[in-house]
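Below, chain A is the first sequence line, B the second, and so on; all start at residue 1.
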Number of protein chains: 2
Amino acid sequence: MTMNWSARRLIATEVRLPEGVASSGTSGQILRAGLARFAEVGFYGASIRDIAAIAGVNSATLYAHYPSKEHILAALILHGHVELHRRLQEALVRAGVEPADQLAAVVRAHVSIHTDFPMLAVVTNTELHALSPELGLPAVTLREQSRQLLLQVLMNGAERGAFAIPDTVLTATAISAIGMRVATWFGPEVPYTADEIADTYVELALRIVGARVETPSTPATE
Amino acid sequence: MTMNWSARRLIATEVRLPEGVASSGTSGQILRAGLARFAEVGFYGASIRDIAAIAGVNSATLYAHYPSKEHILAALILHGHVELHRRLQEALVRAGVEPADQLAAVVRAHVSIHTDFPMLAVVTNTELHALSPELGLPAVTLREQSRQLLLQVLMNGAERGAFAIPDTVLTATAISAIGMRVATWFGPEVPYTADEIADTYVELALRIVGARVETPSTPATE
DNA sequence: GTCTATAGATGGATAGAC
DNA sequence: GTCTATCCATCTATAGAC
C-alpha cells in the first residue's frame, strides 16, 4: 500500500525512537509500527490492522498494550516533545552566557533532533491535531515550553545588544520553521550529513539575528 | 466534530480560493467544503458526508461534480500550486535584475500567498501525499518548477557576488520553510498584518543570503 | 442535478477461548 | 498476552427515481 513516489510526507525510512523508549517486547513493536504508519499516512490514514500487521501481531493484541489507537499516537507525540525539550534545555545549559553561543547550541539541538529522528519528528509536528485535548495537553505544554526557551534566548540576546532582531516572535517562528522542515526531506539519500545541515542552519540563524560573531573587537555602539 | 483547542493544523478560518477558481454553484460549494475539511483533519480524516453536509448537498450529489473524493483534493492542490507558481513568476519578472530585489520579491510573493490563502496552503503543502501519482503529478511538476525558480535567484545572486551563501539548496529550503510555516499560524487573531510578516521575512531572507543592501557605496571585493 | 436508499468494504473495538 | 471471531459503526461509491 506504500506509494513509491516523490511527494511523500517524509523521506526517512528508519523507524527509530529515542533511547529508553519502549524498545523491547510487543509494546515496543506496536509503538514502532504506529510510528511508521502515522508518519507515512497520518493518524486517520493508518488502520489498527495495518499497525498490527507491521508489529507482527493480531489487531486485537494491540488493546492489551494500549487502550485505543489514539493512545499509541499520544505516546509517540509525547516522546517526541519530551526528547526535544530535554535536548533544548541541555544545549542551553551547556552553552554558557553568550547569546550567540546559546542560539547556536539551541538551533543545533533543534536541527539535530530532526535529523536524528525525522520520522518521529514528522508525527510529533503534524499529528497533534488528531489527539483529544486531554491526551494532547502534555505535549502542548512541552511545546509551549520549548517555544519559550527559544524566545528567551532571542530576547536576552536582543536586550544585551548581541542580536538585532526586527521582531522576536516572528524570528523565533522562522528559526523554528527551518528546523522542523528538515524532518520532511532528510533521509539516507540526501547529499548532506546531519552535521553539515546543523552547521549551515546554525550559521543561517546567526545571520537572521544579526549576531556579531566575527567582530568581537568592535563593541556595540549601545 | 471540530475541536476548539490550541493544537490545530491551522488557525485561519476563512474558506477562500484564488480568483477565477470554481466559485459559483454547487461545484464551488463542494470545493470550498473540501478545502475546509481537508485543512482541518486531512484527506483521510474528512468524510464525503462531512464535505457534502458543509456544501449543503447530499453526499451522492458530490459524484455529479467530481468522480471521487480524491479528485476534489487533486483540484484544490493543483489550484494551490498553480497560484503559487504564477505569483512567483510574476514577482520575479517585475523585480528587475538586482539579486536582492529578486529575492525580496520572490520571498514577498511566497509569504503573501501563505497569508492570503492559509487554508489552501495547508492543504497544498501537507496533503499531496494522499494523491495517487497520476493525480499528483501536475502539482509535483509545478512544485519543482517553483523550487527551481528560487534556486535560480539564489544561484544568480551568488554568482554575481551579491549573496554570500553557505549552500544554495539548504538556503532555499530554509527560506521556503519559513514561508510555508506561516500558513499554519496566520489567522485573524494574530497580532501582525500580512504586510508586517512579509516585510519581516523579506528582511530575514536578505540577512540569510548576506545581501549587501545597505552598502551600495562599498563594492564587493570580488 | 439532486435526491433516497443501499451495496460492499473497511474501520475501531470487544468477547471469550486458550 | 495472544489469538479467532465478530459486533456495529462508518466509509466510499453506486443504483435508480424524480
Quick one: label A:Ile48 by what it contacts on the DNA or RNA (base, sugar-phosphate, nothing), any heavy atom closer than 4.0 Å.
base
Gap between atoms OH and C1', on A:Tyr44 and C:dG12 respectively (whole Å)
13 Å
Between C:dG1 atom P and B:Leu62 atom CG, what is the distance in whole Å?
13 Å
Minimum-distance nucleotide (side-chain atoms of A:Arg49 versus C:dA13, D:dT14, D:dT4)
C:dA13
Is A:Thr26 near enough to D:dT2 that one of its side-chain N or O atoms lies under 4.0 angstrom from OP1 or OP2?
yes
Strictly below 4.0 Å, N to O, side chains only: are A:Glu144 and A:Arg147 in salt-bridge contact?
yes
Would you say the side chains of A:Arg9 and A:Thr126 form a donor-acceptor pair under 3.5 Å?
yes
Tell me: OH of A:Tyr66 to P of C:dT14, nearest whole Å?
17 Å
In whole angstrom, give the distance that lies between atom CD1 of A:Ile51 and atom P of C:dT10.
17 Å
Nearest whole angstrom, please: distance from the C1' of C:dC3 to the CD1 of B:Ile30.
13 Å
Is the phosphate of D:dC11 approached by B:Ser47 (side-chain N or O, under 4.0 Å from OP1 or OP2)?
yes
Please tell me which of the listed nucleotides, D:dT4, C:dG1, C:dG12, lies nearest to the side chain of B:His65?
C:dG1
May I ask you to say whether A:Arg37 pairs ionically with A:Glu40, meaning some side-chain N is under 4.0 Å from a carboxylate O?
no
Output the single nucleotide from C:dG12, C:dT14, D:dA13 whose closest atom is nearest the side chain of B:Tyr63.
D:dA13
Integer-rounded Å distance: D:dT2 P and A:Gln29 CD:
11 Å
So B:Ala46, base contact, sugar-phosphate only, or nothing? Heavy-atom distance under 4.0 Å.
sugar-phosphate
For a 4.5 angstrom cut-off between non-hydrogen side-chain atoms, does A:Asp116 reach A:Arg16?
yes
Comparing nearest nucleotides in DNA chain C, the 5'-proximal residue of the pair A:Asp50, B:Asn58 is B:Asn58
Check for a donor-acceptor pair, side chain of A:His110 on one end and backbone N or O of A:Val106 on the other, with a separation under 3.5 Å.
no
Counting heavy atoms from C-beta on, name the nucleotide in D:dG1, C:dA13, C:dG1 closest to the side chain of B:Ala64.
C:dG1
B:Thr61, nearest nucleotide to its side chain (from D:dA13, C:dA13, C:dT2)
C:dT2
Given D:dA5, C:dA13, C:dC3, identify the nucleotide with an atom nearest to the side chain of B:Val57.
C:dC3
